[in-house]
Structures are given as structure tokens and as C-alpha cells.
K.L.:
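Here it is, the structure in full.
Because only heavy atoms are used, hydrogens play no part in the values below, and waters and symmetry mates are left out as well, while side chains stay in. Just so you know, ligand 1 is whichever comes first in the structure, and atom 1 is the first atom listed for that ligand.
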Amino acid sequence: MPLVTTTEMFRKAYDGGYAIGAFNVNNMEIIQGIVEAATEENAPLILQVSAGARKYANTVYLKKMVEAAVETSGLPIALHLDHGDSFALCKDCVDSGFTSVMIDASAHPFAENISITKQVVEYAHDHGVVVEAELGKLAGVEDDVKVDAKDASYTDPDQVQEFVEKTGVDSLAIAIGTSHGAFKFKGQPKLRFDILEEVGRRLPGFPIVLHGASSVPQEYVKIINQYGGNMPGAQGVPEEMLRKAASMAVCKINIDSDLRLAVTATIREHFALNPSHFDPRQYLGPARDAVHKVVRHKIVDVLGCNGKA
Ligand code: G3H
Ligand code: 13P
Ligand code: ZN
């Protein structure tokens, strides 16, 4: 099976009240850990590549590794550009075989967001590629750019119909209080489910995307802190909130930080216990296993997409 778009995945996820995991990939071990877990659970997958990942690993390497994942697993896998910030970047990904791109023009005023998104949609659709856009602004860190909580803004449900109609976009990321990174809430976690509900009412059957959806497992934060790290106050989105979102209009849940935490905690602990190891396979292998464990847990206990491939 070749790489697929997200159209069919989202249709089934919407109707079935579950979500597809969209995991950020930056190297071979992360890809393998994710794909092993999805294969075990027969789950559809979205593997997503940010501009930073393209710079770090080279987009050709990532694309070839994702193709290897398709070939070895036989799973329906979409290759997605995460947070594309320009038409040129989205076009480059469409031209190089991605099956889905995100144009994130959420920092621009509404009318400009519409016109940039529309331009990407026209080009992508001409080439059989689907498009995700963003309305509202998440807080947190993306590509080393920090958006302060005061500059973040919730999605306005009054704007979503006009946005979707005018752009022709295939899915929409909304801001309901999640944020990127490992420090999501200062106090009690709170998401605006009322906004999600209203957006769902205004766009019946339309797939919604949740960014910044890592749950920041405290077991990994504890290990990182135990072995020299310093992450006091790290906190993510409680899993029951993600399950609730998946049962509503949310069809795609983005997870990156949890994989980073699993990899980092595993490697820190590995060196604390095995200070003389110097073969990268000795620590990257366990890191890959940790990614596998996290993703399997997400698929089965949070997203509910096990057995849906
Ligand atoms: O939303 C951002 C993702 O976690 C990707 O992060 O831009 O550092 O690769 P990155
Ligand atoms: P997290 O930082 O919560 O993993 O969010 C990832 C994300 O939204 C990627 O686009
Ligand atoms: Zn994101």
C-alpha cells in the first residue's frame, strides 16, 4: 500500500468516536518505535515532520524512512508536514510526496489566514494532497519560537464556518487551551470543551485537530529530574481529557513532547546505570523501546484507534 491521505482515516475516526495519533518524527529510532507499536495494535498512523525535523534529518531521509515503514508494516500511513509556515514550504512537501500538509497561518489576521490557506489548498488539492489549517493561537514552544500564554487566543466558533467554506481546507486545528511543550498549565489543567462542542455543532462531520496534546508522563519527568535534569512543574493534558476530545469532533491528536521525554529519560537513566557504554545502539535501542511503549499506550488507552487500520 502506498502512503495514504487522511481523508478515509478521519471519516472513520469521526464516525467511530476515536482519534488518529499524529506523532512527530526526527530520526530512525523514533519512526521505528512508533511503527512497531502501531503494527502490534493494527492502528492507522500519521507521521509528521516539522520544519525543524526537515532541517535536522533532511527531508529525503525522513521520507525514505517513512516509506520503509509503509513497506514493512503494511499499515495505512500518512506523511504530514507539521506547522508549515509558508506556501513555498507546503508546495515543497507536496512536490516531494507528502500526502498531507499543515499551513499554519494562525499568527496572521483572519483574512490573511484565509488567503494563505486557500492558496495552499488549491495547490495541494490539484496534487491529491490534503490540508490542515489552524484558527486560534496556541501557547508554547514551536521551532524554538515561544508564544506566551498572554499572546495565545482561543478559537472563535463564529469564525470556523466562514474559514472552512472560503479555504476549502480538509481539517482544522483549534485552540482550546492546549499548548506545545512540557509545561502546559500553571495550575489546574483546563480545556475549553464548550468551544470544541460549539465548533463541532457549526461544522458537522468535519475533522478537528488537537495540537499540544502530550500528557507529559510524570514517570519520565521524575527520571529526568533524578538523573540531573531540572523540569519542575512539567505538566501535560490529562489523558481523560484527550479521550473526551477523541470521542467528540477531534480526529487527529498531535504528540511530540511525550516521545521526547521518553527518549531523554531512557537515555539519561541508561548512562547513569551504564556510564561506560559508548555504542549508540546500547542507548538508542532502549530509547526506541520507550517510544514503542508510549505510543502503544496512546493508541490503546487514549486514542482508541487500535484495530482500526
Ligand atoms: O509543534 C511543534 C512540534 O512539537 C515540533 O517541534 O518544531 O521543535 O520540531 P519542532
Ligand atoms: P506536544 O508538544 O504537546 O507534544 O504537541 C505536539 C504538536 O502539537 C505538534 O504539532
Ligand atoms: Zn503543533
K.L.:
Hey, is D158 close enough to R202 for a salt bridge, meaning N to O under 4.0 Å?
P.N.:
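Judged by the 4.0 Å cut-off on N to carboxylate O distance, D158 and R202 do form a salt bridge.
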K.L.:
Where does R260 meet ligand 1, judged by heavy-atom distances below 4.0 Å: at the side chain, the backbone, both, or neither?
P.N.:
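It is the side chain that gets close, since no backbone atom is under 4.0 Å.
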K.L.:
Which atom name would you report as the N, O or S atom of H211 nearest the Zn ion (ligand 3)?
P.N.:
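It is ND1, the N, O or S atom of H211 closest to the Zn ion (ligand 3).
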K.L.:
Can you tell me if K184 has a non-hydrogen atom under 4.0 Å from ligand 2?
P.N.:
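Checking ligand 2 against K184, which is what was asked, there is a heavy-atom contact under 4.0 Å.
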K.L.:
Applying a 4.0 Å heavy-atom criterion (strictly less than), which segment of D82 is in contact with ligand 1: side chain, backbone, both, or neither?
P.N.:
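The answer is the side chain of D82.
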K.L.:
Using only atom types and a distance under 3.5 Å, with no angle test, would you say the side chain of Q218 pairs donor to acceptor with the backbone of A234?
P.N.:
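Yes; judged by distance alone, with no hydrogens or angles, the pair exists.
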K.L.:
Closer than 4.0 angstrom, basic N to acidic O: yes or no for D92 and R54?
P.N.:
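Salt bridge between D92 and R54, a charged N being under 4.0 Å from a carboxylate O: yes.
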K.L.:
What I want to know is whether D82 and ligand 2 share at least one N or O pair that is separated by under 3.5 angstrom.
P.N.:
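In this structure, D82 places an N or O atom under 3.5 Å from an N or O of ligand 2.
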K.L.:
Of all heavy-atom pairs between M231 and N225, which one has the smallest distance, and what is that distance?
P.N.:
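Minimum heavy-atom contact is N-OD1, 2.8 Å.
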K.L.:
Ring centres under 6.0 Å, that's the criterion: do H83 and H180 meet it?
P.N.:
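Centroid separation for H83 and H180: below 6.0 Å.
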K.L.:
Using distance alone, with no hydrogens and no angle criterion, decide if Q119 and K91 have a side-chain donor and acceptor under 3.5 Å apart.
P.N.:
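Side-chain D/A pair, Q119 to K91: absent.
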K.L.:
Does an N or O from G181, backbone or side chain, lie closer than 3.5 Å to an N or O of ligand 2?
P.N.:
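Yes, G181 has an N/O under 3.5 Å of an N/O on ligand 2.
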K.L.:
Counting both backbone and side chain atoms, is some N or O of D256 under 3.5 Å from an N or O of ligand 2?
P.N.:
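For ligand 2, there is an N or O atom that lies under 3.5 Å from one belonging to D256.
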K.L.:
Taking just the N, O or S atoms of H83, which one is nearest to the Zn ion (ligand 3)?
P.N.:
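Of all N, O or S atoms in H83, the Zn ion (ligand 3) lies closest to NE2.
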K.L.:
Going by heavy-atom distance to atom 9 (O) of ligand 1, choose the closest among S257, S50, G52.
P.N.:
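Nearest option to atom 9 (O) of ligand 1, by heavy atoms: S50.
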K.L.:
For N24, counting its heavy atoms only, list the atoms of ligand 1 lying under 4.0 Å from any of them.
P.N.:
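Near N24, meaning under 4.0 Å from one of its heavy atoms, ligand 1 has 3 (C), 5 (C).
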K.L.:
Within a distance under 4.0 Å of any heavy atom of H83, pick out the atoms of ligand 1 and give their elements.
P.N.:
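Answer for ligand 1: 1 (O).
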K.L.:
Check whether NZ of the Lys or CZ of the Arg K190 lies under 6.0 Å from the centre of the six-membered ring of F185 and within 45 degrees of that ring's axis.
P.N.:
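Cation-pi check for K190 and F185: fails.
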K.L.:
Using the side chain to side chain donor-acceptor pair (under 3.5 Å) rule, take D82 and N24 through it: C-alpha gap first, then chi angles, then the decisive distance, then the call.
P.N.:
CA-CA 8 Å; D82 191 27; N24 286 74; 3.0 Å; yes
